[in-house]
Amino acid sequence: MHTAVKNPGWSPDSWQRFPALQQPRYADPERLARVLEELARLPPVVVSWEVDQLKDELAAAQRGERFLLQGGDCAEGFADCESDTIARKLKILLQMSVVLLHGLKKPVIRVGRIAGQYAKPRSADTETREGVTLPSYRGDIVNHAAFDAGAREPDPELLLRGYERAAITLNFVRALVDGGFADLHHPEYWNLDFLKHAKLRDAYQRIVDSIRDSLDFYETISGSAVHDAGQVRFYASHEGLHLRYEQAQTRFLKRRERWYNLSTHMPWIGMRTSAPGGAHVEYFRGIANPIGVKVGEGTDAATLAELVRVLNPDNEPGRLALIHRFGAARIESALPAMIRAVRDSGRQVLWVCDPMHGNTETTPQGVKTRRFENILAEVESAFRIHEDSGSILGGVHFELTGDDVTECTGGARGLADVDLSRAYRSSVDPRLNYEQALELAMLIARHRSR
Ligand code: PEP
Ligand code: CO
C-alpha cells in the first residue's frame, strides 16, 4: 500500500481506528469483504482530472469569481435512476444556473446531489413500531424502507447496486451534456412542461432571450463561438457517509501522488459525522478531492477552527467548502462567529449556504416541511452577513427536484399545509419543487443584481 506523501499516518482504511458513526452492521463480514473487493476492482465513476478541474473552479468561487450551485434530492432512491427523472433534475439545475449567471454576472458551477446520494444518516439505529424493533432504514445502498425484518437487514450486495446506479446515472448525464442538451444556445430544450405559472415563465423567458442575444452579439462581433456545448460542465456530489463504500473507491494516482475518492467529484461530511476526532474526518483528510463539511447549530468556533486545520492543512484553494445550515432564525446570531473563527485560523475556505436543513419543521398534522420564505430569508441573510464581515458567500446548496411535488410550502403558487398531501413523495427531507426552485433562483438573482 502506498503511504500518503502529504498525510502522515493516513491510509484509505486509517478511519477504522476512529469512532465511526452511522455505519450499518452487516451480519456476514465475509460477504461484505467480497463485495468490497469487487467494488475496489471496478472502474471509477469519475476521473481525477475532472476532480481537479472542479477544485480549480471552486477556488475561483472562493475568490468571488464564480458561484457554486449545488442541489438535488435529500436521498436518491434506486427507483430515481430512470431517464425522465434524471433529465428533469438536470434541467432544473441548468435553468437555475442560467438565472444565477444572469443575475450574479459570474459563471456558475453546477454540482448535483446525484449519482451516489444513496446513504442517509438517521437519528436512531433502530425503529420501533407496535412493539417490533428493526434496524433503521439507512438509504437504498444499505437496506430497504419497508418495515419488515428481511427488508431492513443491511445487504452488502446493495453497495454494488448503488455503484451501478451511480455510474448509469452519471453516464446519462454526461451523454445529455455532451450531446448539446446543456448548450446555452438552446435553452428551449430545458423547458419543463409544468412551468405553468405565467409570471415565472415570462420572467424566465426574458432571461433566456437576453442571454441568447448577448451570445449572438458577442459571436457576431468576435467571429467566434463563446460557448460550445462541450464547455458546460456538470459535477456530482454526495454525502460521504458509508465509509466502506467510499474507501473501496479510493484510488492512488501515481502521476499526482495523491489518493482520490473516485466515487464522486465532491463528497461532503454531514452534520452528524463531523466531529474532529471521528472516522469521517479522518477519512476525508487524506483524499485529494474538493470536500464539503456541514456547519450548523452545535458547531463551536474552536471545533470549526480545528476542522479547517485538519481538513485543509496546506490552505489549498478550492479544497474545503463550509456549508452552513443554521436556519433563518439563527443564522444572524451564529454565522459571524464562524466567519471570525475561520479568519483567525488564517485559512481560506469556500462559504456555501444550505438554507434547507436549519428550516425543517413539522406541521400540526405531523408532516415534515419547509417554508419558502424561510429558505429565501436564510440565503438573503447569508449574503448580507458575509458582505458585512468582509467575507464572500460563494455558493448555495438546495434540496430540490425537477418534479411537481408538494413538500415545501409557499412560493408563487402559495402552497399551504393542506396542499402537502397532494404530491408528497420524499422519504426523507422535503424538497423544493420545480417551480419553487426556479423562483428561488430568480429572487436571489434579482436581489443580488440590484
Ligand atoms: C443532508 O444534506 O441531507 C443532511 C442530512 O444534512 P445535514 O448533514 O446538514 O443535517
Ligand atoms: Co436532507
Side-chain angles (χ1 to χ4, degrees), residues 20-24 68-77 80 89 93 111-125 136-142 145 236-243 246 264 266-276 278-281 283-284 291-299 303-304 307 311 320-328 330-331 334-335 338 350-362 367-371 374-375 378-379 382 395-401 405 407-408 424-433 436-437:
L21 303 181
Q22 301 284 342
Q23 305 305 294
L68 168 68
L69 169 65
Q70 189 175 14
D73 294 297
C74 183
E76 272 179 296
D80 294 325
K89 219 177 291 174
L93 287 167
V111 178
R113 287 175 63 115
I114 198 171
Q117 178 53 18
Y118 299 125
K120 291 309 295 177
R122 303 313 307 251
S123 46
D125 281 346
S136 295
Y137 167 62
R138 291 187 174 277
D140 280 6
I141 205 162
V142 173
S237 68
H238 65 248
E239 180 174 346
L241 184 69
H242 193 305
L243 289 174
E246 305 300 333
T264 192
M266 184 192 188
W268 77 85
I269 307 179
M271 264 297 278
R272 289 185 176 85
T273 51
S274 65
H280 289 79
V281 171
Y283 170 75
F284 272 73
I291 61 172
V293 185
K294 294 289 196 86
V295 176
E297 220 175 356
T299 318
T303 307
L304 188 64
L307 277 174
L311 294 172
L320 181 59
L322 295 182
I323 308 168
H324 52 75
R325 30 86 89 218
F326 290 105
R330 288 171 304 275
I331 184 170
L335 183 57
M338 299 291 116
L350 170 65
W351 289 104
V352 177
C353 173
D354 164 358
M356 312 300 294
H357 288 87
N359 290 313
T360 315
E361 52 187 287
T362 305
V367 184
K368 229 185 184 190
T369 191
R370 291 161 173 158
R371 297 183 209 203
N374 289 341
I375 295 168
E378 183 164 359
V379 180
V396 283
H397 181 119
F398 298 128
E399 285 186 345
L400 53 82
T401 166
V405 300
E407 298 171 5
C408 294
Y424 198 105
R425 296 214 283 273
S426 174
S427 57
V428 260
D429 289 339
R431 302 159 296 177
L432 293 163
N433 66 23
Q436 289 169 327

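Every number for a ligand or one of its atoms is a count from 1 in the order of the listing.
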Only counting residues at least two apart or in another chain, list the ones meeting side chain to side chain donor-acceptor pair (under 3.5 Å) with D140.
-> Y137

Any N or O of D354 closer than 3.5 Å to N or O of ligand 1 | no

Heavy atoms, side chains only, cut-off 4.5 Å: are L307 and V293 in contact?
-> yes

Side chain, backbone, both or neither: which part of M356 comes within less than 4.0 Å of ligand 1 when only heavy atoms are counted?
-> neither

Taking the minimum heavy-atom distance to atom 5 (C) of ligand 1, which of G292, G270, P121 ranks first?
-> P121

In degrees, rounded to 10 degrees, what angle do H357 atom NE2 and D429 atom OD2 make at the Co ion (ligand 2)?
-> 90°

Give the atoms of ligand 1, by number and element, whose distance to some non-hydrogen atom of K294 is under 4.0 Å.
-> 1 (C), 2 (O), 4 (C), 6 (O), 7 (P), 8 (O), 9 (O)

Centroid-to-centroid, W268 to H238, below 6.0 Å?
-> no

Is it true that D73 and R425 make a salt bridge, defined as a side-chain N closer than 4.0 Å to a carboxylate O?
-> no

What atoms of ligand 1 come within less than 4.0 Å of a heavy atom belonging to R113?
-> 1 (C), 2 (O), 3 (O)

Mark up the atoms of ligand 1 that fall under 4.0 Å of a heavy atom belonging to R325, in ascending order.
-> 7 (P), 9 (O), 10 (O)

Please confirm whether R272 comes within less than 3.5 Å of ligand 1 when only nitrogen or oxygen atoms on both sides are compared.
-> no

Let me know which of K368, R113, K120 forms a salt bridge (charged side-chain N to carboxylate O under 4.0 Å, His left out) with D429.
-> K368

Check: L243 and H280 side chains under 4.5 Å, non-hydrogen atoms | yes

Just wondering, do R431 and M356 contact through their side chains at under 4.5 Å, heavy atoms?
-> no

Which atoms of ligand 1 are found less than 4.0 Å from any heavy atom of E399?
-> 1 (C), 2 (O), 3 (O)

Flag for Q70-S237: side-chain donor and acceptor within less than 3.5 Å = yes

Pair H242, Q22: side-chain N/O donor-acceptor within cut-off below 3.5 Å = no

Is the shortest N/O to N/O distance between H357 and ligand 1 below 3.5 Å?
-> yes

Can you list the ligand 1 atoms lying under 4.0 Å from a non-hydrogen atom of K120?
-> 1 (C), 3 (O), 5 (C)

Note: SG(C74)-the Co ion (ligand 2)-OE2(E399) angle, rounded to 10 degrees, equals 90°

What do we get for M271 next to ligand 1 when only non-hydrogen atoms under 4.0 Å count, side chain, backbone, both or neither?
-> both

Does the pair E407/R370 count as a salt bridge with the N-to-O cut at 4.0 Å?
-> no

Quick one: does Q117 get an N or O within less than 3.5 Å of an N or O on ligand 1?
-> no

Run the numbers for me: atoms of ligand 1, each under 4.0 Å from some heavy atom of C74, listed by number.
-> 3 (O)

